[in-house]
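So the structure is just underneath, and the comments pick up after that.
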Protein chains: 2
Amino acid sequence: MSEQTSFSADNEWQKLENQLCFPIYAVSRLLTKAYQPYLQTLDLTYPQYLVLLALWEHENLTVKELGEKLLLDSGTLTPLLKRMEQKQWLSRRRDPRDERSVIITLLPAGRALQQQACQVPHQLLDKMGLAPAEFEALRLQLQTLLTRLS
Amino acid sequence: MSEQTSFSADNEWQKLENQLCFPIYAVSRLLTKAYQPYLQTLDLTYPQYLVLLALWEHENLTVKELGEKLLLDSGTLTPLLKRMEQKQWLSRRRDPRDERSVIITLLPAGRALQQQACQVPHQLLDKMGLAPAEFEALRLQLQTLLTRLS
DNA sequence: TCAATTTTAATTGCACACAATCAAACATTG
DNA sequence: CAATGTTTGATTGTGTGCAATTAAAATTGA
């Protein structure tokens, strides 16, 4: 009975190792870093890669729609998209029917990246070393949490 | 049979919804945002909260040790720690026995925050709405992935 | 119709995050 | 003990992230 029985300062809930937030935060950053060597050869950052994943599925998206898919706001997307525009991967133009909206359109150079990046998911899967069942279980749990938080 | 039978561009592995990276990235950002209202009342950011979690367990840590615990490098920690020093939550001083190292020491104001923040983990647990078993399962899977990636 | 409200992207300001580089100081080795 | 190499924190530069604000344009409602 050497354990504390009082509600003392050694709060188990305040220990780093007992947090759920920390491993998520750390895994997210390490995973981004794990992509870096593959994306660097394509002159892509990780958030830019996510934008392309979205545009490869939908060639035209407004900034708002892109933000809804990636859960990012325009304050993040606007400068990022301007950099991608400079590299001729996409174009930014106002919607003539709604001058408030900016339409993002995939350009040929951006489409060309799709072929060059097609091995990236497999390479990362290898690096993570998760069995298919583990992968799917984790993805579903994160999906649940994502719904809960958004 | 209108579906493509060629190995065409609609690569299933390149769809946003089939990625593991995206939900981790998104959950991490949403979780940080979920902490914000609670931490804001304490004038804390989420990474600063993580630094305090570490210091509440170990009152003295070098920047290097802190980086090892949080998996952050000095380029991130140095400016963050300087801001926390200005608020008198911690002190930064050279190790007299090794002038290269900077020792971070928790100050009384930083210790006082521990009591004020003690409800934060419970509040977040509520917000996430995970059953204890789900929580633990997710934590273990992330721990595995963390080990694999670091 | 026309004033008030809402929607939208841009802008601004602050805080990470990290690669690359640097400089100082410690450690090692001959 | 001196030359060399390594460790360490700081610095610099780029790229996110996001809250708050702004400005323009569309929508709504009397």
Side-chain angles (χ1 to χ4, degrees), chain A residues 21-22 25-37 39-41 43-52 61-68 70-87 89 92-104 149-150, chain B residues 21-22 24-37 39-41 43-52 61-68 70-87 92-104 149-150:
Chain A
C21 60
F22 174 64
Y25 169 75
V27 164
S28 176
R29 284 183 299 105
L30 288 177
L31 205 46
T32 298
K33 211 182 290 189
Y35 274 88
Q36 212 249 346
L39 297 181
Q40 193 172 36
T41 64
D43 192 25
L44 273 173
T45 65
Y46 179 70
Q48 290 170 7
Y49 174 64
L50 292 182
V51 167
L52 285 180
L61 288 171
T62 63
V63 174
K64 180 189 173 67
E65 289 166 340
L66 204 47
E68 283 167 356
L70 302 181
L71 303 175
L72 291 168
D73 75 8
S74 72
T76 300
L77 287 174
T78 296
L80 191 156
L81 292 170
K82 284 182 176 175
R83 281 187 281 272
M84 295 179 77
E85 184 185 31
Q86 290 199 328
K87 298 182 198 229
W89 293 333
R92 296 166 63 249
R93 70 174 200 284
R94 295 275 168 188
D95 184 344
R97 293 178 305 185
D98 182 349
E99 291 283 331
R100 291 169 302 182
S101 295
V102 168
I103 300 176
I104 305 302
L149 290 172
S150 59
Chain B
C21 61
F22 175 64
I24 291 178
Y25 169 75
V27 164
S28 176
R29 285 182 299 105
L30 288 176
L31 205 47
T32 298
K33 211 182 289 188
Y35 273 88
Q36 213 247 348
L39 297 181
Q40 194 171 35
T41 64
D43 193 24
L44 273 173
T45 65
Y46 179 71
Q48 289 171 9
Y49 174 66
L50 292 182
V51 167
L52 285 180
L61 288 172
T62 63
V63 173
K64 180 188 173 68
E65 289 166 340
L66 204 47
E68 283 167 356
L70 303 182
L71 303 175
L72 290 169
D73 75 359
S74 71
T76 301
L77 288 173
T78 296
L80 191 156
L81 292 169
K82 283 182 176 175
R83 282 187 282 270
M84 296 180 77
E85 184 185 32
Q86 289 199 328
K87 296 178 201 258
R92 296 165 63 249
R93 68 173 201 286
R94 295 275 168 189
D95 183 344
R97 293 177 304 183
D98 181 346
E99 290 284 331
R100 290 168 303 181
S101 295
V102 169
I103 300 176
I104 305 301
L149 290 173
S150 61

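Proteins get letters first, then strands, A, B, ... in listed order; numbering begins at 1 in each.
Atom CD1 in B:Ile104 sits 4.5 Å away from atom CG in B:Leu81 (nearest 0.5 Å). Here CZ of A:Arg29 is found 10.5 Å from OG of B:Ser150. Values are rounded to the nearest 0.5 Å. Atom CG in A:Leu50 sits 8.5 Å away from atom OG1 in A:Thr45 (nearest 0.5 Å). The distance from the CD1 atom of A:Ile103 to the CG atom of A:Asp98 is 9.0 Å, given to the nearest 0.5 Å.
Regarding B:Glu85, its CD atom lies at a distance of 14 Å from the C1' atom of D:dG9, rounded to whole Å. A:Gln36 has its CD atom 12 Å from the P atom of D:dG15, to the nearest Å. Rounded to an integer number of Å, the gap from CD of A:Glu99 to C1' of D:dA24 is 10 Å. Rounded to a whole Å, the CG atom of B:Leu80 is 12 Å from the P atom of D:dA10. Atom-to-atom, OH of A:Tyr35 to P of D:dT16 comes out at 16 Å; the value is rounded to the nearest Å. Between the CZ atom of B:Arg29 and the P atom of D:dT16 there is a distance of 12 Å, given to the nearest Å. For A:Arg94 and D:dA25, the CZ to P distance is 9 Å, given to the nearest whole Å. The distance from atom CD1 of B:Ile104 to atom P of D:dT8 is 15 Å, rounded to the nearest whole Å.
Between D:dG9, D:dA24, D:dG17, one nucleotide has an atom nearer to the side chain of B:Tyr25 than all others, and that is D:dG17.
Ring orientation note: the planes of A:Tyr35 and A:Tyr49 are tilted relative to one another, at an angle of 30° to 60°.
Side-chain contact between A:Trp89 and A:Val51: absent, with no pair of heavy atoms (C-beta onward) separated by less than 4.5 Å.
Between A:Thr45 and B:Val63, the residue anchored closer to the 5' end of DNA chain D is B:Val63, taking for each the nucleotide with the nearest heavy atom. Where A:Asp98 and A:Gln40 meet DNA chain C, the nucleotide closest to each residue was compared, and A:Asp98 sits on the side nearer the 5' end.
Read 5' to 3', the first and last nucleotides of DNA chain C with an atom closer than 4.0 Å to a heavy atom of chain B are C:dA15 to C:dC26.
A:Lys82 has no side-chain polar atom (N or O) that falls below the 4.0 Å cut-off from OP1 or OP2 of D:dT16.
If you check residues 72-79 of chain B against DNA chain C, the residues with a heavy atom closer than 4.0 Å are B:Leu72, B:Asp73, B:Gly75, B:Thr76, listed by number.
No side-chain donor-acceptor contact under 3.5 Å links A:Arg83 to the backbone of A:Gln48. The backbone N or O of B:Ser28 lies less than 3.5 Å from a partner atom in the side chain of B:Thr32, making a donor-acceptor pair.
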Passes side chain to side chain contact (heavy atoms under 4.5 Å, CB included), A:Arg93 versus A:Val102? Steps please. CA-CA 5 Å; A:Arg93 70 174 200 284; A:Val102 168; over 6 Å; no
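Residue contacts for B:Arg97: at a heavy-atom cut-off of 4.0 Å it reaches no nucleic acid atom on any strand shown.
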